[in-house]
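Below is one structure, written out as structure tokens, with a few remarks after it.
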Amino acid sequence: MTSDTSTAGILGRPYLLATVGACALVFLSAFESLAVTTIMPLVSRDLDGASLYALAFAGPLATGVMGMVAAGNWSDRRGPAAPLYSSVALFVMGLLIAGMAGSMEILVLGRLVQGLGGGAMTVALYVLVARVYPPALHPKIFAAFAASWVVPSLVGPFAAGVVAQLSSWHWVFLGVVGLVVPALLMVVPAVRAMNSEPAAETVPWAFGRMGWAALAAVAVLGLNLSAEVPGVGGVIAAVALVLALVAVRPLVPRGTLTARRGLPSVILVRGLASAAFFGAEVYLPYLLTERYAFTPTFAGLTLTGAALAWAGASAIQGRLGIRMPDGLAIRIGAALVLVAIVLTLATATFALPAGVAIGGWILAGGGMGLMYPRLSVMTLALSSEENQGFNSAAMSISDSLGGALSLAATGLVFAAFTTTNPFAGVFALTAVIAVVGVVMAPRVAARKGASGTRTAQPELTHHP
């Protein structure tokens, strides 16, 4: 496709099918991610799988990192066609396994496969955009991807609750399969029309990075399952945590784990924000269904409120631009997430009205809406042309592994406090992570002043 077709727009004749198909794939991936959060308490009860509740969320995040690294390398070598087809196949396979699961173990297996495919699919679609659309249309197609995340945030939790109540939670997985295949077929013509000439210099396989990503995923899985091993579970958990930190080190900028000022702290705060927010969010519907007898539908609506706040705060910070410095937006956002988790902790500890936690979670969504776009902007502003790809990938990896490690840890805490107040234990841990995020937030600015002067644009997605 030539650049003179850029005047047609992303919905013009040359790009219409590719745009609709790619956005549909993003939409379905986002819907599935948010829908599962709503129905998992019901699934856990039905399959007697409380001990694997956290792994059902942490596992896909961990395997998603493997998919991201592998698909990126494969796309650099051969183009995005094969990675895209393979990732969609894995995503569908995971949906089928989870949808037909008769035990929690099989459902988790499906989620692992689904996460591997979903992570790879995201990267393949980004490369597809670079190969199919002219640069002038890139902002528009990425804005469309952002919108494809927003809509599931608003309707996904509620719709999943309705399906689970009126039919079965199985159809929350199986129903998506019938939509993924037509979405992919719409993208196929654009894939075939791509410039498929091999690169002048073959990109080598990045076996080292793929190995570190695999080790990080295995460490997360080990951390999740350590509670199931009597006697030595604590040792396994400690070893798994160390391995995860060792594995992530080559995948992020130097100094990230030691909170060096500037870009390393930007990447670190991204992971801490993900760990605090998502580590708590997956247990909020669980709390409301178990302690307050909410139906899955109404429990899902609490996530919709946070999604609306996320989108609204993202839009507001985008309009403010440089009038709100990046560092200030990140500090305010981190503080809002901490306040929200503390309110949720108080609700779980003192049996306060459910509205306290629900209202608090709206604050959390607003905090994430302030932070996430500015962290993305700072990552690009502090990157050179040579390391934009590495740093962007590092941000996504920090995002995913931060959430995965937090969910693994909260799963252990939930299991340990089952006879007392497991929800209070979970929210206490995520509150500690949020405190660390608040402490680290000022370090995103370089010593010489504010880092970057670029104006932040609205980013309405839950994921980069």
Keeping [X] on the side-chain end and [Y] on the backbone end, is there a donor-acceptor pair under 3.5 Å?
X      : Y      : answer
Ser406 : Gly402 : no
Ser33  : Ala30  : no
Ser314 : Trp310 : yes
Thr63  : Gly59  : yes
Thr256 : Val252 : no
Ser398 : Ile267 : yes
Arg111 : Ala56  : yes
Ser29  : Gly118 : no
Arg443 : Ala259 : yes
Asn73  : Ala206 : yes

Say you draw a straight line from [atom1] of [X] to [atom2] of [Y]; how long is it, rounded to the nearest 0.5 Å?
X      : Y      : atom1 : atom2 : value
Leu343 : Ile358 : CG    : CD1   : 12.5 Å
Thr430 : Phe278 : OG1   : CZ    : 13.0 Å
Leu412 : Leu225 : CG    : CG    : 9.5 Å
Tyr133 : Leu128 : OH    : CG    : 7.0 Å
Ile341 : Leu284 : CD1   : CG    : 11.0 Å
Arg374 : Leu370 : CZ    : CG    : 8.0 Å

Do the side chains of [Y] and [X] get nearer than 4.5 Å, heavy atoms only?
X      : Y      : result
Thr258 : Leu268 : no
Met210 : Leu215 : no
Val26  : Leu125 : yes
Val36  : Phe173 : yes
Leu401 : Val65  : yes
Ile330 : Met378 : yes
Arg131 : Pro80  : yes
Gln317 : Pro373 : yes

For the residue pair [X] and [Y], what are the closest heavy atoms and their distance?
X      : Y      : result
Pro442 : Arg331 : CG-CD, 3.9 Å
Ala276 : Ile433 : N-CG2, 3.9 Å
Met121 : Leu84  : CG-CD1, 4.2 Å
Val337 : Met371 : CG2-CE, 3.9 Å
Ser226 : Ile236 : CB-CG2, 3.8 Å
Val413 : Val426 : CG1-N, 3.8 Å

**Item:** side chain to side chain donor-acceptor pair (under 3.5 Å) involving Ser75 - partner list, sequence neighbours excluded
**Value:** none

**Asked** Taking it one step at a time, do Leu95 and Phe91 satisfy side-chain contact (heavy atoms from CB on, under 4.5 Å)?
**Response** CA-CA 6 Å; Leu95 290 172; Phe91 185 69; 3.7 Å; yes

**Message:** With a 6.0 Å cut-off on the ring centroids, do Phe423 and Phe417 count as close?
**Reply:** no

**Prompt:** How about Trp361 and Phe277: are their ring centres within less than 6.0 Å of each other?
**Reply:** yes

**Steps toward side-chain hydrogen bond (donor to acceptor under 3.5 Å, both in side chains) verdict (Thr344, Tyr283)** = CA-CA 10 Å; Thr344 309; Tyr283 284 94; over 6 Å; no

**Message:** Working note: Arg254 + Arg260, criterion side-chain contact (heavy atoms from CB on, under 4.5 Å); need CA distance, chi angles, decisive distance, verdict.
**Reply:** CA-CA 8 Å; Arg254 187 175 300 174; Arg260 183 183 299 171; 4.1 Å; yes

**Asked** So Phe414 and Tyr286, ring pair (Phe, Tyr, Trp, His ring centres under 6.0 Å) or not? Walk me through it.
**Response** CA-CA 12 Å; Phe414 193 87; Tyr286 202 172; 5.4 Å; yes

**Request:** Test side-chain contact (heavy atoms from CB on, under 4.5 Å) on Trp212 and Arg209 and set out the steps.
**Result:** CA-CA 5 Å; Trp212 288 119; Arg209 281 175 58 79; 5.6 Å; no

**Message:** For a side-chain contact (heavy atoms from CB on, under 4.5 Å) check, start with the C-alpha distance between Leu52 and Leu55, then their side-chain angles and the critical distance, and finish with the verdict.
**Reply:** CA-CA 5 Å; Leu52 296 177; Leu55 183 57; 4.1 Å; yes

